[in-house]
Enquirer: 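Have a look at the structure that comes next, please.
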Amino acid sequence: MTDRTDQLDTRYDPTEIEGRLYRRWLEAGYFHADASKADDPYVVVIPPPNVTAALHMGHGLNDTIQDVLVRWRRMQGRETLWLPGTDHAGIATQNVVERQLAEEGLTRWDLGREAFVERVWAWVDEYGSRIIEQLEAIGCSCDWERTRFTLDEGLSRAVREVFVRLYEKGLVYRGQYIINWCPRCGTALSNEEAEHREQAGKLWHIAYPLEDDPSRTVVVATTRPETMLGDTGLAVHPDDERYADLVGRTAILPLVGRRLPIVADEHVDPEFGSGVVKVTPAHDPNDFEIGRRHELETVDVMTDGARMSDAVPEPFRGLDRFEARDAVVAALEEEGRLVRTEEHVHSVGRCYRCGTVVEPRLSLQWFVKMEPLARPALRAYREGELDFHPERYGQIYEHWLENIRDWCISRQLWWGHRIPVWYCRDEACGREVVAREDPDACPDCDGPLDQDPDVLDTWFSSWLWPFSTLGWPEETEDLETFYPTDTLVTGADILFFWVARMVMAGLEFMDDLPFTDVVLNGTVRDHQGRRMSKSLGNGIDPLEVVDRFGADALRFTLIRGAALGTDLQLNHEDLGAAFQVGRNFANKIWNAARFALPHLDADGGGGEPELELADRWILSRMSSTVESTTAALDAFRMHEVASSVYEFVWGEFCDWYLELVKGRLAGERGEESRRAAAWTLRRVTEGWLRLLHPVMPFISEALYLRLPDVAPDATLVLGPWPDPDDFPSDRPAEEAVAELQELVVALRNARSEYNIDPGRELEVHLASISDGLARALGSEDEGLRRLARVDRIERDGARGERAGAHAVLRSGTEVFVPLADVIDLDRERARIEEELERVEGLLRASRRKLENEDFLTKAPEEVVEREREKERSLEEQKEHLSRKRDVLSGAGGSS
RNA sequence: GGGCGCUUAGCUCAGCCGGUCCAGAGCGCCGCCCUUACAAGGCGGAGGUCGGAGGUUCGAAUCCUCCAGCGCCCACCA
């Protein structure tokens with residue numbers, strides 16, 4: 001690494017720097033958390049990406065936010081653990097490998113269970129670490145030594161322990177209920193895994209004849225006519241007088257001929273449709289309940305693949321359910337049973353993995369009883385122990401928990417945690433064994449046992465993530481030290497799947513919340529507002545962005561757009577446009593440092609020199625920036641973290657401070673002044689490099705290492721994080737420089753307005769100079785000359801002159817620049833008039849307020865005082881502007 | 001059916017538990033500038049009745065009500 005800054009290119013090239021620094025950090029072990037040293041640790045667990053995943057922008061955003069928080073806390077000196085890992089993602093991963101097999105013309109059944117699972121493991125071994133490596137490319141400071149996988153031995157033991165404990169507590173049970181069945185994936189799903197979408201469909205009205213009076217029919221309506229083949233009853237509301245005489249009688253199911261008892265049930269809405277409901281207990285959750293209350297039969301009319309089963313009349317057997325729908329409708333029509341058909345919009349559930357329409361279906365599955373687990377999770381939230389950012393997600397969490405339903409956890413897959421339940425092969429014995437260790441034989445009859453063939457829902461391992469990854473159920477040092485964690489950063493789409501369930505598991509098994517703050521980041525969308533997705537082809541590959549613009553540019557752009565709870569739009573068709581904010585900022589920083597570094601003194605310049613106004617000003621601004629940046633981090637307002645550093649570095653440090661001190665650094669004002677500037681520059685540069693480090697870790701570290709008095713093995717990674725008190729606050733200096741800036745802008749404005757040659761030096765006459773400006777001129781005379789290209793500054797002069805540019809600053813200071821050769825008096829007068837009008841308008845508004853008795857009595861004193869000051873300032877501006885107008889309109893004026 | 005969010009400059013968005021906002025940023029646009037850190041830059045500028053209508057208040061982009069458009073979540077809509 002070289003300190004020869006004169007060799008640095010004017011364009012920042014991140015490629016070589018980033019890889020080298022990341023390797024250094026890894027080798028130094030900075031990201032590894034030491035449990036023995038952690039008395040106040042800061043802990044984050046990563047939302048484990050699927051092992052099948054390739055890094056996409058959603059990860060980019062989510063993981064960068066985590067890295068910013070983690071790096072900040074680490075810099076603050078807390079022993080910080082960011083625990084990484086991946087999720088085995090049952091359905092998704094199984095699908096990937098099954099698709100591979102399909103290309104070879106095979107199915108998993110051809111391989112058999114054992115060989116198939118081996119094959120998935122082989123896939124995971126080969127590709128499973130890919131996403132982890134990609135996280136390194138964007139700079140994530142995870143503790144890679146603690147990387148976990150949800151199918152690890154340790155995590156598997158945790159899963160099993162939890163299943164057994166819940167079973168023993170009576171919270172896990174097996175039963176026949178209506179679940180969501182995905183016919184493509186061939187498995188049951190939880191309620192959360194069925195995504196409901198509104199869809200245009202039809203409502204078919206069908207006439208069912210009565211058994212004892214076939215001339216009389218009752219009309220029922222359905223959106224899924226194929227399921228009528230499984231009807232086993234009809235229901236009406238008990239108070240519905242229209243049908244009171246039907247209750248207890250029997251109808252005949254068209255096409256099938258089955259006898260259907262007509263029952264009275266509260267669930268029926270007499271207002272909807274005809275007020276008569278067909279009851280299909282095996283294919284509808286409500287019908288199932290009605291059927292159970294009235295002891296109706298259940299007839300499952302479909303196979304696992306959603307074809308019509310042998311339970312239906314011959315002509316329909318083997319038909320796909322949607323073919324069967326058409327066939328049933330046609331047959332009904334032929335028999336004259338179809339009364340009418342209407343268009344109907346209703347919501348249809350689809351598998352969240354493959355999009356196939358799910359079939360509500362009666363099935364024997366394992367469930368977790370959720371209400372007892374939800375109660376403490378609700379209490380913790382209501383008592384304020386759990387905070388959501390943004391807050392509104394708390395209400396969504398609360399609502400879901402209040403209405404929680406039991407969780408179907410068995411999946412008819414092969415890839416996942418096998419359900420630890422064995423059944424005695426002897427039906428007469430019927431013993432069911434649930435055990436932590438695999439049993440050899442039936443404890444009752446000593447006969448052979450068969451393990452339940454199903455695996456557990458992937459989320460049944462994910463919900464244990466905050467403690468299973470730390471060693472639970474073993475009482476490890478890690479668990480003792482790092483649980484509970486602090487902040488969870490994730491997407492709102494898995495609030496129920498994951499976040500709420502982790503809270504429940506944490507409280508149930510650790511007796512403590514798994515985290516105290518939940519940050520929900522937004523969705524990354526394209527420039528048309530569409531979610532980025534593979535199928536739309538509108539995704540952006542974060543690694544391509546890293547290659548082209550650097551990880552820092554990627555991170556800065558993401559963080560700057562990550563306003564709390566809002567989505568982020570990025571143009572996938574023009575990466576340059578999308579990421580130039582970050583790229584340009586990195587370049588700006590690079591060049592600012594390129595300029596500053598050679599001016600810094602190797603020994604830090606000895607003791608503290610006599611600081612000048614500009615020095616005190618930038619130090620004071622630095623102090624404010626430390627404060628605002630820290631406050632933003634503390635409140636998870638990521639975009640404010642980025643923008644507060646950005647504005648300071650670019651808008652204050654580069655645009656003003658560097659320009660103000662250029663002359664001094666060149667020695668124009670003597671050694672003491674040079675030393676003061678160099679000393680300040682050194683401190684401020686380091687200050688903002690530290691503030692920048694969480695968001696842009698690479699460039700900040702690279703530049704930090706180039707500071708003249710920094711050891712080659714030093715690092716920003718371990719902090720310290722700056723404190724506002726490290727930099728003296730200086731209000732008067734801030735005010736003075738603010739007025740100087742206003743003057744500079746006014747002069748530049750005049751120059752631009754009249755198209756004055758940029759090289760031409762101006763002569764400036766000032767009158768009614770404010771105290772602040774007087775102070776600024778006293779010490780920054782040369783700064784003014786440099787910033788506004790001024791060669792002569794006169795005080796209290798040229799009040800009566802007309803041919804030039806006129807201005808009045810907010811402080812009331814009058815500015816005049818003689819420009820007889822270029823000035824157009826009419827135009828100048830118009831300019832002043834316009835300004836005068838604006839000021840008068842403001843003054844009127846201000847006076848209106850101050851004349852209002854209510855304002856004076858009801859508004860806080862400081863607000864009134866501020867308004868008075870504003871009035872005074874406006875009065876002065878008005879007076880001085882009027883004077884200028886009079887001068888410009890004076891005798892001999894052109895109009 | 002219930003709930004929530006959004007609507008601010010041409011575009012993308014900050015600000016929003018009221019006064020420091022004389023409403024900001026980035027991009028885009030217009031003009032000038034290759035001024036020895038940076039043209040991935042500098043300087044100046046134009047551009048907004050803060051979705052609409054009421055209301056509360058001394059004071060509203062910010063709070064309340066209603067309306068319109070967009071989006072999201074939940075729900076046993078046969």
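Everything numeric in this text was worked out from a predicted model, so none of it was measured. The sequence lines fix the lettering, A, B, ..., with proteins before strands; numbering per chain opens at 1.
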Enquirer: Using the P atom as the reference point in each nucleotide, state the distance between C43(B) and G52(B) in Å, no decimals.
Expert: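 Each nucleotide's P atom is 35 Å from the other's.
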Enquirer: Would you mind telling me which of C38(B), A78(B), G19(B) lies closest to the side-chain atoms of Asn591(A)?
Expert: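 Of C38(B), A78(B), G19(B), C38(B) is nearest to the side chain of Asn591(A).
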Enquirer: Could you tell me whether the phosphate oxygens of G42(B), OP1 or OP2, come under 4.0 Å of any side-chain nitrogen or oxygen in Lys588(A)?
Expert: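 Yes, Lys588(A) has a side-chain N/O under 4.0 Å of OP1/OP2 on G42(B).
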Enquirer: State whether Lys662(A) places a side-chain N or O below 4.0 Å from either non-bridging phosphate oxygen (OP1 or OP2) of A37(B).
Expert: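 For A37(B), OP1/OP2 do have a side-chain N/O of Lys662(A) under 4.0 Å.
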Enquirer: Could you tell me how far G42(B) sits from G54(B) if I compare only their P atoms? Round to whole Å.
Expert: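 G54(B) and G42(B) have their P atoms separated by 45 Å.
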Enquirer: State whether Arg748(A) places a side-chain N or O below 4.0 Å from either non-bridging phosphate oxygen (OP1 or OP2) of G44(B).
Expert: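 Indeed, a polar side-chain atom of Arg748(A) lies that close.
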Enquirer: Assign Phe585(A) to base, sugar-phosphate, or nothing according to its heavy-atom contacts below 4.0 angstrom with the strands shown.
Expert: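 Since no nucleic acid heavy atom lies under 4.0 Å of Phe585(A), the category is nothing.
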Enquirer: What do the steps show when you test Arg760(A) against Leu819(A) for side-chain contact (heavy atoms from CB on, under 4.5 Å), and what is the final call?
Expert: CA-CA 11 Å; Arg760(A) 173 169 165 183; Leu819(A) 290 167; 3.3 Å; yes
Enquirer: Take atom CD of Glu834(A) and atom P of A46(B), then tell me their distance rounded to the nearest Å.
Expert: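 Rounded to the whole Å, the gap is 9 Å.
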Enquirer: Any side-chain N or O of Lys870(A) less than 4.0 Å from the OP1 or OP2 oxygen of C22(B)?
Expert: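 Lys870(A) to C22(B) OP1/OP2: side-chain N or O found under 4.0 Å.
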Enquirer: Distance between the P atoms of U65(B) and G26(B), in whole angstroms?
Expert: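 Result for the P pair: 36 Å, nearest Å.
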Enquirer: Using a heavy-atom cut-off of under 4.0 Å over every strand shown, decide if Val277(A) touches base, sugar-phosphate, or nothing.
Expert: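 The answer is base, as Val277(A) lies within the cut-off (heavy atoms under 4.0 Å) of a base atom.
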Enquirer: Whole-Å distance between U35(B) P and Leu660(A) CG?
Expert: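 In whole Å, U35(B) P lies 20 Å from Leu660(A) CG.
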Enquirer: If you draw the axis of the six-membered ring of Trp656(A), does the NZ or CZ of Arg748(A) fall within 45° of it and under 6.0 Å from the ring centre?
Expert: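 Pair Arg748(A)/Trp656(A) counts as cation-pi.
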Enquirer: Pick base, sugar-phosphate or nothing for Arg810(A), based on heavy-atom distances below 4.0 Å to the nucleic acid.
Expert: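 Base contact - Arg810(A) has a heavy atom under 4.0 Å of at least one base atom.
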Enquirer: Would Phe497(A) and Tyr352(A) satisfy ring pair (Phe, Tyr, Trp, His ring centres under 6.0 Å), going step by step from the backbone distance to the final call?
Expert: CA-CA 12 Å; Phe497(A) 278 112; Tyr352(A) 83 136; 5.2 Å; yes
Enquirer: Could you check whether Tyr208(A) and Asp231(A), counting side-chain N and O atoms only, form a donor-acceptor pair closer than 3.5 Å?
Expert: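 Their side chains do contain a donor-acceptor pair, which is all the 3.5 Å distance test asks for.
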Enquirer: Within 45° of the axis and under 6.0 Å from the centre of the six-membered ring of Tyr646(A), does NZ or CZ of Arg560(A) qualify?
Expert: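 Flagged: Arg560(A) positioned over aromatic ring of Tyr646(A).
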Enquirer: Taking only the side-chain heavy atoms of Ser752(A) (C-beta and beyond), determine which of A78(B), G31(B), C58(B) contains the nearest atom.
Expert: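 So the side chain of Ser752(A) is nearest to G31(B).
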Enquirer: Can you identify which nucleotide, out of A40(B), A37(B), C4(B), has its nearest atom closest to the Ala592(A) side chain?
Expert: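 Between A40(B), A37(B), C4(B), the one nearest the side chain of Ala592(A) would be A37(B).
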Enquirer: What does Arg838(A) touch in the nucleic acid at a heavy-atom separation under 4.0 angstrom: a base, only the sugar-phosphate, or nothing?
Expert: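 Counting heavy atoms under 4.0 Å across all strands, the contact made by Arg838(A) includes a base.
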Enquirer: Name the closest nucleotide to the Asn755(A) side chain, picking from C32(B), C38(B), A75(B).
Expert: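 Comparing C32(B), C38(B), A75(B) against the side chain of Asn755(A), the answer is C32(B).
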Enquirer: I want to verify a distance call: between C58(B), U20(B), C73(B), whose nearest atom is closest to the Ile396(A) side chain?
Expert: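 The closest nucleotide is C73(B).
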Enquirer: In whole Å, measure the gap between the C1' atoms of G47(B) and C30(B) for me.
Expert: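 Their C1' atoms lie roughly 11 Å apart.
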Enquirer: Taking the side chain of Arg594(A) as heavy atoms from C-beta outward, which of G5(B), A78(B), C38(B) is closest to it?
Expert: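 Looking only at side-chain atoms, Arg594(A) lies closest to C38(B).
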Enquirer: Just to be sure I understand the rule, does Tyr754(A) reach a base, reach only the sugar-phosphate, or reach nothing, if contact means heavy atoms closer than 4.0 Å?
Expert: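 Nothing: the residue Tyr754(A), judged by heavy atoms under 4.0 Å, touches no strand.
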Enquirer: Taking the side chain of Pro758(A) as its heavy atoms from C-beta onward, which of C32(B), A78(B), C77(B) lies nearest to it?
Expert: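 Nearest to the side chain of Pro758(A) among the choices is C32(B).
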Enquirer: Using whole Å, what does the distance between atom C1' of nucleotide C16(B) and atom CD of Glu391(A) come to?
Expert: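 Distance check: Glu391(A) CD to C16(B) C1' gives 14 Å.
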Enquirer: For the aromatic rings, using the six-membered ring if either is Trp, is the centroid distance between Phe648(A) and Tyr657(A) under 6.0 Å?
Expert: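 When the ring centroids of Phe648(A) and Tyr657(A) are compared, they turn out to be at least 6.0 Å apart.
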Enquirer: A cation-pi test, strictly: NZ or CZ of Lys662(A) under 6.0 Å from the centre of the six-membered ring of Phe595(A) and no more than 45 degrees from its axis. Yes or no?
Expert: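 Cation-pi check for Lys662(A) and Phe595(A): passes.
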Enquirer: Between Asn852(A) and G59(B), is there a contact of a side-chain N or O with OP1 or OP2 at under 4.0 Å?
Expert: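 Answer is no, no contact under 4.0 Å.
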Enquirer: With heavy atoms under 4.0 Å as the rule, sort Thr857(A) into base, sugar-phosphate or nothing.
Expert: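 Thr857(A): no heavy atom of the nucleic acid under 4.0 Å.
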Enquirer: Taking pairing as Watson-Crick or G-U wobble with both contacts under 3.5 Å, can you name the mate of A46(B), or confirm there isn't one?
Expert: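 Partner of A46(B): none.
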Enquirer: What orientation do Phe585(A) and Trp650(A) show, parallel under 30°, tilted 30 to 60°, or perpendicular over 60°?
Expert: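 Correct class here is parallel.
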Enquirer: Could you state the CG-P distance from Asp13(A) to A40(B), rounded to the nearest angstrom?
Expert: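 Distance, rounded to whole Å: 15 Å.
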Enquirer: Classify the nucleic acid contact of Ala563(A) as base, sugar-phosphate or nothing, counting any heavy atom under 4.0 Å across all strands shown.
Expert: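 Result for Ala563(A) = sugar-phosphate.
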Enquirer: Just to confirm, is there a sub-4.0 Å distance from OP1 or OP2 of G42(B) to any side-chain nitrogen or oxygen of Trp650(A)?
Expert: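 Looking at the OP1 and OP2 atoms of G42(B), one of them is under 4.0 Å from a side-chain N or O of Trp650(A).
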Enquirer: Nearest whole angstrom, please: distance from the P of G41(B) to the CD of Glu659(A).
Expert: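 It is 15 Å, rounded to the nearest whole Å.
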Enquirer: Taking the same atom, P, in G51(B) and in A60(B), what whole-Å distance lies between them?
Expert: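 Nearest-Å result for G51(B) against A60(B) at atom P: 15 Å.
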Enquirer: Taking side chain as C-beta onward, heavy atoms only, is Thr685(A) less than 4.5 Å from Leu597(A)?
Expert: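 No; the side chains remain at least 4.5 Å from each other.
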Enquirer: Side-chain donor or acceptor of Thr10(A) under 3.5 Å from a matching atom on the base of C38(B)?
Expert: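 Donor-acceptor pair under 3.5 Å: no.
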Enquirer: Please pick, from C43(B), A78(B), C22(B), the nucleotide with the shortest atom-to-atom distance to any side-chain atom of Lys278(A).
Expert: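 Closest nucleotide among those given: A78(B).
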Enquirer: Distance check, C1' atoms only: U8(B) and A14(B), in whole angstrom units.
Expert: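 It comes out at 10 Å once rounded to the nearest Å.
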Enquirer: Check every atom of C77(B), G26(B), G19(B) against the side chain of His344(A) and return the nucleotide holding the closest atom.
Expert: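 Side chain of His344(A) sits closest to C77(B).
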Enquirer: Measure the distance from CG on Leu568(A) to P on C6(B) and round it to the nearest whole Å.
Expert: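 In whole Å, C6(B) P lies 17 Å from Leu568(A) CG.
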Enquirer: What's the gap between A40(B) and C29(B) when it is taken at their P atoms, as a whole Å value?
Expert: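 About 14 Å, rounded to a whole number of Å.
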Enquirer: Is any side-chain nitrogen or oxygen of Arg11(A) closer than 4.0 Å to OP1 or OP2 of A40(B)?
Expert: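 For A40(B), OP1/OP2 do have a side-chain N/O of Arg11(A) under 4.0 Å.
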Enquirer: Looking at every strand, decide which applies to Val268(A) at a 4.0 Å heavy-atom threshold: base, sugar-phosphate, or nothing.
Expert: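 Result for Val268(A) = base.
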Enquirer: Hey, does the side chain of Thr566(A) come within less than 4.0 Å of G5(B)'s phosphate (OP1/OP2), counting only N and O?
Expert: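 Answer no for this pair, as no side-chain N or O of Thr566(A) is under 4.0 Å from OP1 or OP2.
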Enquirer: Remember a base hit wins even if backbone is also touched, and classify Arg583(A) as base, sugar-phosphate or nothing at under 4.0 Å, heavy atoms.
Expert: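 Base contact.
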Enquirer: RNA chain B: Leu842(A) or Ala750(A), which has the more 5' nearest nucleotide?
Expert: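 On the 5' side of the pair lies Leu842(A).
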Enquirer: Could you measure between the two C1' atoms, the one in C17(B) and the one in U57(B), and give it in whole Å?
Expert: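 Per the computed distance, 16 Å lies between those C1' atoms.
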Enquirer: Write down the partner of C70(B) under the Watson-Crick or G-U wobble criteria, each distance required to be under 3.5 Å.
Expert: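 Partner of C70(B): G5(B).
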Enquirer: Roughly how many Å is it from CD in Glu867(A) to P in U20(B), rounded to a whole number?
Expert: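 For the pair Glu867(A) CD and U20(B) P, the rounded distance is 8 Å.
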Enquirer: Is the shortest side-chain N/O distance from Arg405(A) to OP1 or OP2 of A75(B) below 4.0 Å?
Expert: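 For A75(B), OP1/OP2 do have a side-chain N/O of Arg405(A) under 4.0 Å.
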Enquirer: Quick one: Asp854(A) CG to G18(B) P, roughly how many Å, whole number?
Expert: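 Those two atoms, CG and P, are 20 Å apart.
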Enquirer: Side chain of His639(A) only, please: which of A37(B), C27(B), A14(B) is the nearest?
Expert: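 So the side chain of His639(A) is nearest to A14(B).
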Enquirer: OP1 or OP2 of G45(B) versus the side-chain N and O atoms of Asn749(A): is any pair under 4.0 Å?
Expert: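 Yes, Asn749(A) has a side-chain N/O under 4.0 Å of OP1/OP2 on G45(B).
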Enquirer: In this structure, is the centre-to-centre distance between the rings of His389(A) and Tyr393(A) below 6.0 Å?
Expert: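 They do not qualify: ring centres at least 6.0 Å apart.
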Enquirer: Is any side-chain N or O of Gln395(A) closer than 4.0 Å to OP1 or OP2 of C4(B)?
Expert: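 The answer is no; no side-chain N or O of Gln395(A) sits under 4.0 Å from OP1 or OP2.
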